[in-house]
Amino acid sequence: MSIVDVASVLKGKVPTGNQVTVRGWVRTRRDSKAGLSFIHVHDGSCFDPLQVVAPAALANYESEVKKLTSGCSVVARGTLTPSQGQGQAVELQAERVEVVGWVEDPETYPIQPKKASLEYLREVAHLRPRTNTLGAIARVRHTLSQAIHRYFHEHGFLWVHTPIITASDAEGAGEMFRVSTLDLTNLQGRPDFTQDFFGREAFLTVSGQLNVETYACALSKVYTFGPTFRAENSNTSRHLAEFWMVEPEIAFADLNDNADLAESFLKYIFTALLNERSDDLTFLVERVDKEAVARLETFVTSSFTRMSYTDAIAALEQSGRTFEFPVHWGMDLQSEHERWLTEEHVKGPVVVMHYPKGIKAFYMRVNDDGKTVAAMDVLAPGIGEIIGGSQREERLDRLDARMQELGLDPQHYWWYRDLRRYGTVPHAGFGLGLERTIIYATGMANIRDVIPFPRMPGHAAF
RNA sequence: UCCUCGGUAGCUCAAUGGCAGAGCAUCCGGCUGUUAACCGGAGGGUUGCUGGUUCGAGUCCAGCCCGAGGAGCCA
């Protein structure tokens, strides 16, 4: 009597005729007066549930089986047989159905087998993974995460665990959450951070990049993949205060190598998703976004469009469009501009490269023209920036000049500067937002529905 | 943070300033190797909160709370 998961059964890995036990949660129950009930049992191992056929002869049929409602947990034991009905190849002819946990008030059970809004489901985030949509998203998220690690591992990258807590006080990537053990409820005057846990101000990381550069400048090909925190007061369908970011960093590489890596990497993880999660993608195409699979298939078979920022500005100027924010060289691209580029001009993802240095971070390598830096953004239709990256400034004099221009204190970056003093090397990298990648792959509209427990301004319940 | 829209049964949604409703869910009954089954019946409401206008407010007004879309910031 082996315990099996639903995925193994439905994939045909378990021969019919076998005695098996499945464990999971009831989706629906339908009774037949012929003397049996059909119970759809779901265990999360795949999209589809397994149909358990419970005959009236079961000892607890009247007392328990006929009282099962959506959400009850059960252990069903029986014989796997070819299905006598339409709609599924195999089913479990139950010889025993044990109710492990009842739903205490079926009428108010928050997850009912019917259409519920995603907004409502956010209010019951502890139960929403039991739904088709959030279950599918969880499996997609897992598959993409595994593919990310697999890609890097297969390509000789080392996974570096950069710190979550950082004392770098001006990484320039956004507002930071403070980490402190000072007694905030009894503060007298200004806090004395020399008395704080780390003896100085400390924060949650907004990027592992600066740290991971140190390992790239020793181990050549590295990446980080972990949680990232931004205390921005941004309230949109594309922003979270806590999200997961992938940041590869490669030595002896320039911006083109970086863009090549981004393209190869994204194609790999999307191919893996298409190959490994077709059940969930089929559902998402039916219920969330008709274009999701076609978009992924196009993505993995076509080349990225690459254009310089200067050419992008020229295209926008010649578009004949009137934008709310007028287009001129030197400006940062606004959402409306990114939308036009990706959704109308290119009709797909586009890599915009070599931005004006005035709108980019201090560590990006200054180009020979003195006006632009070797930065790149991968823009995707409907989402905007999915990847932001650059070739790093490896020349100490240029780096110092940039920090001075931006009013940064080089002493705060002494270890970052050391990389340029000792065996400096051209290197590059980028950051990919995991949740934005999931949005692109699935067509989900709101980033809060592709992470289990979203954190955003005013919201950290669960 | 700014702009716009919204909040009615467990869920999804109706209701010209005039008796607060439907579908699904739940419970009861019927029917069927059923497929988010189907048919009949029943229960289920502080219309987000507070105040105001009115003979009368789910509906109009003000403030607040919550949600969504867009913008900014970014991944």
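Each chain gets a letter, A, B and so on, in the order its sequence line appears, and its residues count up from 1.
Place Pro110(A) and Gly431(A) on RNA chain B by their nearest nucleotides, and Pro110(A) ends up nearer the 5' end.
Tyr223(A) and Glu247(A) are not linked by any side-chain donor-acceptor pair at a separation below 3.5 angstrom, with hydrogens and angles left out of the test.
Distances shown here put a side-chain N or O of Arg238(A) below 4.0 Å from the OP1 or OP2 atom of A71(B). Phosphate contact (OP1/OP2 of C74(B), side-chain N/O of Ser234(A), threshold under 4.0 Å): absent. Residue Arg122(A) places at least one side-chain N or O closer than 4.0 Å to OP1 or OP2 of A68(B). Between Ser335(A) and G72(B) there is a side-chain N or O to OP1 or OP2 distance below 4.0 Å. Contact annotation: Thr108(A) does not reach the phosphate of A25(B) (side-chain N/O to OP1 or OP2, under 4.0 Å). For G69(B), one of the phosphate oxygens OP1 or OP2 lies less than 4.0 angstrom from a side-chain nitrogen or oxygen of Asn446(A). Contact annotation: Ser32(A) reaches the phosphate of G33(B) (side-chain N/O to OP1 or OP2, under 4.0 Å).
Remark: Arg230(A) is not positioned above the aromatic ring of Phe243(A), lacking an NZ or CZ atom under 6.0 angstrom from the ring centre and at most 45 degrees off the axis.
Computed from coordinates, the Tyr120(A) OH to G6(B) C1' distance equals 19 Å when rounded to whole Å. Here C3(B) presents its C1' atom at 10 Å from CD of Glu324(A), a figure rounded to the nearest Å. Regarding Met456(A), its CE atom lies at a distance of 17 Å from the C1' atom of C73(B), rounded to whole Å. Rounded to whole Å, the distance from CD on Gln112(A) to P on A36(B) is 17 Å.
Taking the P atom of each, G44(B) and A9(B) are spaced 15 Å apart, rounded to whole Å.
Stacking of the aromatic ring of Phe38(A) onto the base of G33(B) is not found under the criterion of centres within 5.5 Å and planes under 30°.
Within the 4.0 angstrom heavy-atom criterion, only backbone atoms of the sugar-phosphate kind lie near Ser117(A); the bases stay farther away. Contacts of Leu240(A) with the nucleic acid, taken as non-hydrogen atoms under 4.0 Å apart, include base atoms. Within 4.0 Å (heavy atoms only), Ser83(A) reaches at least one base atom of the nucleic acid. Among the heavy atoms of the strands, none lies under 4.0 Å from Thr437(A).
Contact of the Arg27(A) side chain with the Asn132(A) side chain is registered, since non-hydrogen atoms from C-beta on lie closer than 4.5 Å.
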